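Working notes, beginning with the structure itself.
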Amino acid sequence: MDKAIVIEDLSKIYKNNRGIQSLNLEIERGEIFGFLGPNGAGKTTTMKIMVGLMKADKGDVKINGYSISNDYENAMKDIGCIVENVTPFSYLSAYENMELCGRFHNEVNGTRIDECLEITGLIKYKNEKIKNYSLGMKQRLGIAMAILSKPKIIILDEPFNGLDVEGMVEMRELIINLSKKNKTTFFISSHLIHDIELTCDKVGILYGGKLISVEKTNNILKNYSSLENYYLSEVDLNANY
């Protein structure tokens, strides 16, 4: 039983009746999991609960075996994440923002900061103020911050947003390499189906607050010409629930 993330009967309903209902999910160590769904399906709500930014109505999440409700500190010990927008200090440089982030981790030094900025393609802009960064560059900085402490699990909400084609390819390669080399587990939400298809080992579809399908990507592609076709057929089946 080598589960990096276990979601058990997780529910959170808002006043407008939207939210998530009874989600159950297990993610193996080293797996790249893609969380697919339309805007408003509940992807960000799930991720906020996973990292303790929001309380669930019921259910629990275990990360590396630790419950986020009962043992939050240990559950968060080995996690890097970007949930919703990356909001670094705009009046500081990328390097200064990374230094601030590194203060929470004893093992982080200047060499590690440079390494993360190199990996994400920002090293030559490291002394530029963030207010001059494009959306894609801010997204890369968010990834650099998320990997800074060499976490075992990285949770990314829409990591491909704002990136140009070259940036998307680099982001996919970065995620795949970290997963292979360091056995890093990734939990990625997106509505960009093509990037999920090319990056993730396993895909879950969230629709109307319910997890309607979880399947390995290679199994999907044995039976469907693309992940998009599979997604549309699953949504179609569940559209009238």
Side-chain angles (χ1 to χ4, degrees), residues 4-5 29-33 44 47-48 50-53 63-64 66 68 72-190 195 199-200:
I5 301 170
R29 201 162 303 290
E31 201 162 52
I32 306 173
F33 176 79
T44 301
M47 295 170 106
K48 279 183 169 177
M50 287 170 74
V51 298
L53 292 174
I63 293 174
N64 288 323
Y66 298 106
I68 55 156
Y72 181 72
E73 209 169 303
N74 277 320
M76 290 295 110
K77 207 164 50 181
D78 262 324
I79 275 199
C81 68
I82 302 178
V83 178
E84 288 199 310
N85 301 328
V86 183
T87 49
F89 293 103
S90 61
Y91 55 88
L92 297 178
S93 69
Y95 190 87
E96 288 165 335
N97 269 288
M98 292 287 279
E99 271 187 320
L100 270 180
C101 195
R103 285 170 62 191
F104 298 101
H105 307 281
N106 298 331
E107 70 283 5
V108 170
N109 54 23
T111 309
R112 176 61 186 161
I113 290 172
D114 279 349
E115 195 181 315
C116 292
L117 291 170
E118 179 72 58
I119 286 169
T120 50
L122 290 176
I123 193 74
K124 59 183 177 220
Y125 312 107
K126 76 174 192 175
N127 296 317
E128 256 189 60
K129 290 206 173 8
I130 299 306
K131 64 181 179 193
N132 302 323
Y133 270 29
S134 67
L135 176 61
M137 288 166 82
K138 286 178 186 166
Q139 200 72 352
R140 287 164 189 255
L141 180 60
I143 302 288
M145 288 173 162
I147 64 175
L148 187 58
S149 64
K150 299 186 179 174
K152 290 179 184 160
I153 296 173
I154 298 179
I155 295 173
L156 302 174
D157 190 13
E158 302 283 358
F160 305 108
N161 260 12
L163 296 177
D164 56 21
V165 174
E166 193 183 347
M168 284 181 180
V169 171
E170 286 168 3
M171 186 68 73
R172 291 200 303 256
E173 285 172 355
L174 169 64
I175 290 167
I176 290 164
N177 288 342
L178 283 170
S179 167
K180 281 184 181 155
K181 206 164 105 188
N182 303 340
K183 227 51 179 102
T184 308
T185 307
F186 281 89
F187 188 106
I188 302 168
S189 87
S190 185
D195 288 297
T199 311
C200 299

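Just so we're clear, the structure is a prediction, and the values are computed from it rather than from any experiment.
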Heavy-atom donor-acceptor pair, Asn109 side chain to Thr111 backbone, under 3.5 Å: yes
From CA spacing to verdict: salt bridge (Lys or Arg N to Asp or Glu O under 4.0 Å), Lys129, Glu96: CA-CA 9 Å; Lys129 290 206 173 8; Glu96 288 165 335; 5.4 Å; no
Distance in Å, Lys126 NZ paired with Glu118 CD, rounded so as to fall on 0.5 Å steps: 10.0 Å
Any side-chain heavy-atom pair of Glu128 and Leu122 under 4.5 Å: no
Closest heavy-atom pair and its distance - Ala146, Pro151: O-CG, 3.2 Å
Asn74 and Lys77: CA distance, side-chain angles, deciding distance, side chain to side chain donor-acceptor pair (under 3.5 Å) verdict: CA-CA 5 Å; Asn74 277 320; Lys77 207 164 50 181; 3.2 Å; yes
Main-chain N/O of Phe89 paired with Asn97 side-chain donor or acceptor, under 3.5 Å: yes
Exam field: side chain Tyr133 to backbone Tyr125, donor-acceptor pair closer than 3.5 Å: yes
Working for side chain to side chain donor-acceptor pair (under 3.5 Å), residues Thr44 and Asp157: CA-CA 7 Å; Thr44 301; Asp157 190 13; 3.1 Å; yes
Non-hydrogen atoms of Met171 and Pro159 that approach each other most closely: CE-O, 3.8 Å
Within-4.5 Å side-chain heavy-atom neighbours: Thr199 and Phe186: no
Check: Glu99 and Arg103 side chains under 4.5 Å, non-hydrogen atoms: no
Close side-chain approach of Tyr95 and Asp114, heavy atoms under 4.5 Å: yes
Candidate list Ile155, Ile175, Ile154, test side chain to side chain contact (heavy atoms under 4.5 Å, CB included), partner Ile188, passing option: Ile175
Heavy-atom donor-acceptor pair, Arg112 side chain to Leu148 backbone, under 3.5 Å: yes
Between CD1 on residue Ile119 and CD1 on residue Ile147, distance to nearest 0.5 Å: 4.5 Å
Rounded distance [0.5 Å steps], OG in Ser93 versus CG in Leu117: 9.0 Å
For Arg140 against Gly121, the heavy-atom pair lying closest together: NH1-CA, 4.2 Å
Parallel, tilted or perpendicular: ring planes of Phe187 versus Phe33, cut at 30 and 60 degrees: tilted
Minimum heavy-atom distance between Ala75 and Ile63, given as atom pair plus value: O-CG2, 3.4 Å
Side chain to side chain contact (heavy atoms under 4.5 Å, CB included) between Gln139 and Phe160, intermediate numbers included: CA-CA 8 Å; Gln139 200 72 352; Phe160 305 108; over 6 Å; no
Rounded distance (nearest 0.5 Å) linking atom CE of Met98 with atom CD of Glu115: 10.0 Å
Side chain Ser90, main chain Ile130, donor-acceptor under 3.5 Å: no
Nearest heavy atoms of Thr185 and Ala4, plus distance in Å: OG1-CB, 3.6 Å
Heavy-atom donor-acceptor pair, Ser179 side chain to Gly30 backbone, under 3.5 Å: yes
Closest contact, heavy atoms only, Ile68 versus Met50: CG2-O, 3.6 Å
Gap between atom CD of Glu158 and atom CG of Asp195 - 0.5 Å precision: 10.5 Å
Distance, nearest 0.5 Å, that separates OG1 of Thr184 from CD1 of Ile176: 13.0 Å
